[in-house]
**Student:** 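Here you go, one structure.
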Amino acid sequence: MDLLAPGDGVVTDRHHASADRYEADDAMNQIRGQISPFTLSGWLRHGCERVLQIAGMTACHPGEPNADYMRADVYDRDLSQGYHEKGECVDAGSDEQGCVVYELFGGFGDKPGELLRRPIRFSPVRSQVDVLRGEAEAHYRQLHTQVRSRNDEDGGQPLRHATRDVVGNVEGTWLLTLRSLKPEFVGLLLEAVSLLNGKSDSFEFQLGGARNFGAGIADVEVLNPLYSEQEIRRVYNRARKPTAAMQEKDDEWRTYREEFVRALQTRVSDADGELDTPIDRRDDAGERKRGEL
């Protein structure tokens, strides 16, 4: 992604030098840090929810029904647009598994999610980034802006000083781990990432868009799990192209990918017994039987 401004979702381990003292070679300006998993998780969850809604299903609402919302009708409005109440898909004390979003993200009572989401660690020094550990090359900046009056009588007088933490030119990996492996979990994550990538220019699906403001347009994909560690590192080596072996693994992975998506289809199939074509393979001009994205 080119730019992410998640506000307090960036943690750094060094102080930022002021603009008039900035020197690119100064170690104090090579700021490392982390991008909070909360911003990332809300974005991924929104993609997963939307995949289920396209399939004609409802997804667990991420908020509590008795929360203090700023708008009185916001929760009921969400329930009418593809959500069910948080945890409603399982009865208290039962062994039912609930919807796939419930299983993956958990968060209700003593039910942990099956999907572990870590922060993304970043560094501006490419040689110090390990993509196998969920790290990224990125550059941290603290932006200072004078918000000025637009009233002609004020003559552009400053109204307040605004400071914002941003991370730019982020390229790397986000490491996800499943506590238990079910093929439909993988299928949902694959479809959600495809949706988020295909709709990245829509605010609703930008990283930090619908759930946490400070949106960034992100180009994302699931790395081929058949790649060796050396091949994964090669993906992020700008000086090297994919090998013939990597291309063969890409062809092989497409077959496996279809099986994971088919497992998701079986899990959440509606009355007609099947879902539409996978999201990242649809013709945008084609008819959408279950609503527009």
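Position 1 is the first residue of the sequence, and the numbers go up from there.
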**Student:** So, for Ala245 and Glu231, which heavy atoms are closest and what is the spacing to 0.1 Å?
**Tutor:**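 Nearest heavy atoms, Ala245 then Glu231: CB-OE2, 4.1 Å.
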**Student:** Do Cys99 and Thr58 touch side chain to side chain, with heavy atoms closer than 4.5 Å?
**Tutor:**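 Counting from C-beta outward, Cys99 and Thr58 never come under 4.5 Å.
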**Student:** Is the shortest side-chain heavy-atom distance between Gln247 and Asp251 below 4.5 Å?
**Tutor:**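 In short, these two side chains do not touch, never coming nearer than 4.5 Å.
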**Student:** Hey, is CG on Asn237 packed in by over 12 heavy atoms from elsewhere, all under 6.0 Å?
**Tutor:** yes
**Student:** Would you give the length of the straight line joining atom OG of Ser228 to atom CZ of Arg234, rounded to the nearest 0.5 angstrom?
**Tutor:**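 CZ of Arg234 is found 10.0 Å from OG of Ser228.
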**Student:** Run the side chain to side chain contact (heavy atoms under 4.5 Å, CB included) test on Glu191 and Arg257 for me, step by step, so that the C-alpha distance in whole Å, both residues' side-chain angles and the decisive distance to 0.1 Å come before the verdict.
**Tutor:** CA-CA 10 Å; Glu191 287 291 86; Arg257 186 195 191 283; 3.3 Å; yes
**Student:** Determine, stepwise, if the pair His61 / Asp78 fulfils side-chain hydrogen bond (donor to acceptor under 3.5 Å, both in side chains).
**Tutor:** CA-CA 8 Å; His61 196 284; Asp78 285 348; 2.7 Å; yes
**Student:** How does the hydrophobic cluster around Leu132 look, that is, which other residues are in it when side-chain heavy atoms under 4.5 Å mark a link?
**Tutor:**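 Listed partners: Val129, Val131, Leu223, Tyr227, Ile232, Val235, Tyr236, Met246.
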**Student:** Between Asp250 and Asn224, is there a donor-acceptor pair closer than 3.5 Å when you use the side chain of the first and the backbone of the second?
**Tutor:**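 No, the answer is negative, given that no donor and acceptor are paired below the 3.5 Å cut-off.
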**Student:** Give me the other members of the hydrophobic cluster that Leu175 sits in, counting Ile, Leu, Val, Met, Phe, Trp and Tyr linked by side-chain heavy atoms under 4.5 Å, directly or via other members.
**Tutor:** none
**Student:** Determine whether a donor-acceptor pair (N or O, by modelled atom type, separation under 3.5 Å) exists between the side chain of Glu103 and the backbone of Val100.
**Tutor:**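 No; zero donor-acceptor contacts below 3.5 Å.
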**Student:** What are the two closest non-hydrogen atoms of Leu189 and Cys48, and how far apart are they?
**Tutor:** CD2-SG, 4.2 Å
**Student:** Please report the closest heavy-atom contact between Pro158 and Arg148, naming both atoms and the distance.
**Tutor:** CG-NH1, 3.2 Å
**Student:** Indicate if Leu116 and Val101 have the same hydrophobic cluster label, given that clusters are the connected sets of ILVMFWY residues with side-chain heavy-atom separations under 4.5 angstrom.
**Tutor:**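 Each belongs to a different hydrophobic cluster.
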**Student:** If a pair satisfies ring pair (Phe, Tyr, Trp, His ring centres under 6.0 Å) and one of its residues is in residues 156-181, list it, with sequence neighbours excluded.
**Tutor:**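 Every pair satisfying ring pair (Phe, Tyr, Trp, His ring centres under 6.0 Å) with a residue in residues 156-181: His144-His161.
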**Student:** How would you list all residue pairs meeting side-chain hydrogen bond (donor to acceptor under 3.5 Å, both in side chains) that involve residues 114-123, not counting sequence neighbours?
**Tutor:**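 Pairs touching residues 114-123 that pass the test: Ser41-Arg117, Glu114-Ser180, Arg118-Thr177, Arg121-Glu135.
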**Student:** Apply salt bridge (charged side-chain N to carboxylate O under 4.0 Å, His left out) to Arg233 and list each qualifying residue two or more places apart in sequence or on a separate chain.
**Tutor:**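 So Arg233 forms a salt bridge (charged side-chain N to carboxylate O under 4.0 Å, His left out) with Asp130.
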**Student:** Would a 4.5 Å heavy-atom cut-off, applied to side chains only, mark Arg50 and Leu195 as touching?
**Tutor:** yes
**Student:** Do you know which two heavy atoms are closest between Pro112 and Arg179, and how far apart they sit?
**Tutor:** CB-NH2, 4.0 Å
**Student:** Okay, side chain of Asn197, backbone of Val220: is any donor-acceptor separation there less than 3.5 Å?
**Tutor:**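 Yes; judged by distance alone, with no hydrogens or angles, the pair exists.
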**Student:** Quick check for you: to the nearest 0.5 Å, what is the distance between Leu190 atom CG and Glu221 atom CD?
**Tutor:** 11.5 Å
**Student:** Return the orientation label for the Trp253 and Phe260 ring planes: parallel under 30°, perpendicular over 60°, tilted otherwise.
**Tutor:** tilted
**Student:** What do the steps show when you test Leu181 against Val186 for side chain to side chain contact (heavy atoms under 4.5 Å, CB included), and what is the final call?
**Tutor:** CA-CA 8 Å; Leu181 185 59; Val186 180; 3.8 Å; yes
**Student:** Main chain of Phe105, side chain of Arg45: is a donor-acceptor contact present, judged purely on distance under 3.5 Å?
**Tutor:** no
**Student:** Any side-chain heavy-atom pair from Leu115 and Leu178 closer than 4.5 angstrom?
**Tutor:** yes
**Student:** If you draw a 6.0 Å radius around CD in Gln81, do more than 12 non-hydrogen atoms from other residues or ligands fall strictly inside?
**Tutor:**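 Counting other residues, nucleotides and ligands, CD of Gln81 exceeds 12 neighbours.
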**Student:** May I ask you to decide whether Glu137 forms a salt bridge with Arg238, counting only side-chain N to carboxylate O separations under 4.0 Å?
**Tutor:** yes
**Student:** Around atom CZ of Arg160, are there more than 12 heavy atoms of other residues, nucleotides or ligands at under 6.0 Å?
**Tutor:** no
**Student:** I'd like to know if Glu259 and Arg254 make a salt bridge, using a cut-off of under 4.0 Å between side-chain N and carboxylate O.
**Tutor:** no
**Student:** What is the minimum heavy-atom distance between Cys89 and Tyr102, and which atoms define it?
**Tutor:**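 For Cys89 and Tyr102, the tightest heavy-atom pair comes out as SG-CB, 3.8 Å.
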**Student:** For Ser36, does its backbone N or O pair with a side-chain atom of Thr39 as donor and acceptor, under 3.5 Å?
**Tutor:** no
**Student:** Which pair of heavy atoms, one from Glu85 and one from Cys60, lies closest together, and at what distance?
**Tutor:** O-SG, 4.5 Å
**Student:** Which other residues belong to the hydrophobic cluster containing Val125, where Ile, Leu, Val, Met, Phe, Trp and Tyr are joined when side-chain heavy atoms lie under 4.5 Å apart, directly or via other members?
**Tutor:**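 Taking Ile, Leu, Val, Met, Phe, Trp and Tyr as members, Val125 stands alone, with no cluster partners.
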**Student:** Considering only heavy atoms from C-beta outward, does the side chain of Leu4 approach that of Val10 to under 4.5 Å?
**Tutor:** no
**Student:** Please evaluate residues Leu52 and Leu188 with respect to the criterion side chain to side chain contact (heavy atoms under 4.5 Å, CB included), reporting the C-alpha separation (whole Å), side-chain torsions for both, the decisive distance (0.1 Å), and the verdict.
**Tutor:** CA-CA 8 Å; Leu52 293 188; Leu188 181 58; 4.3 Å; yes
**Student:** With a 4.5 Å heavy-atom cut-off, do Phe185 and Lys182 have their side chains touching?
**Tutor:**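 The answer is yes; the side chains approach within 4.5 Å.
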**Student:** Nearest 0.5 Å please: distance from the CG atom of Leu196 over to the CH2 atom of Trp43.
**Tutor:** 5.0 Å
**Student:** Distance check, rounded to the nearest 0.5 Å: Asp219 atom CG versus Met1 atom CE?
**Tutor:** 9.5 Å
**Student:** Just how far is it from atom CG of Asn169 to atom NE2 of His139, taken to the nearest 0.5 Å?
**Tutor:**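 Here the rounded value is 5.5 Å.
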**Student:** What's the verdict on side chain to side chain contact (heavy atoms under 4.5 Å, CB included) for Leu3 and Val166, showing C-alpha distance, side-chain angles and the deciding distance?
**Tutor:** CA-CA 7 Å; Leu3 184 67; Val166 301; 3.9 Å; yes
**Student:** Spell out, as yes or no, whether a donor-acceptor pair under 3.5 Å connects the side chain of Glu49 to the backbone of Ala59.
**Tutor:** no
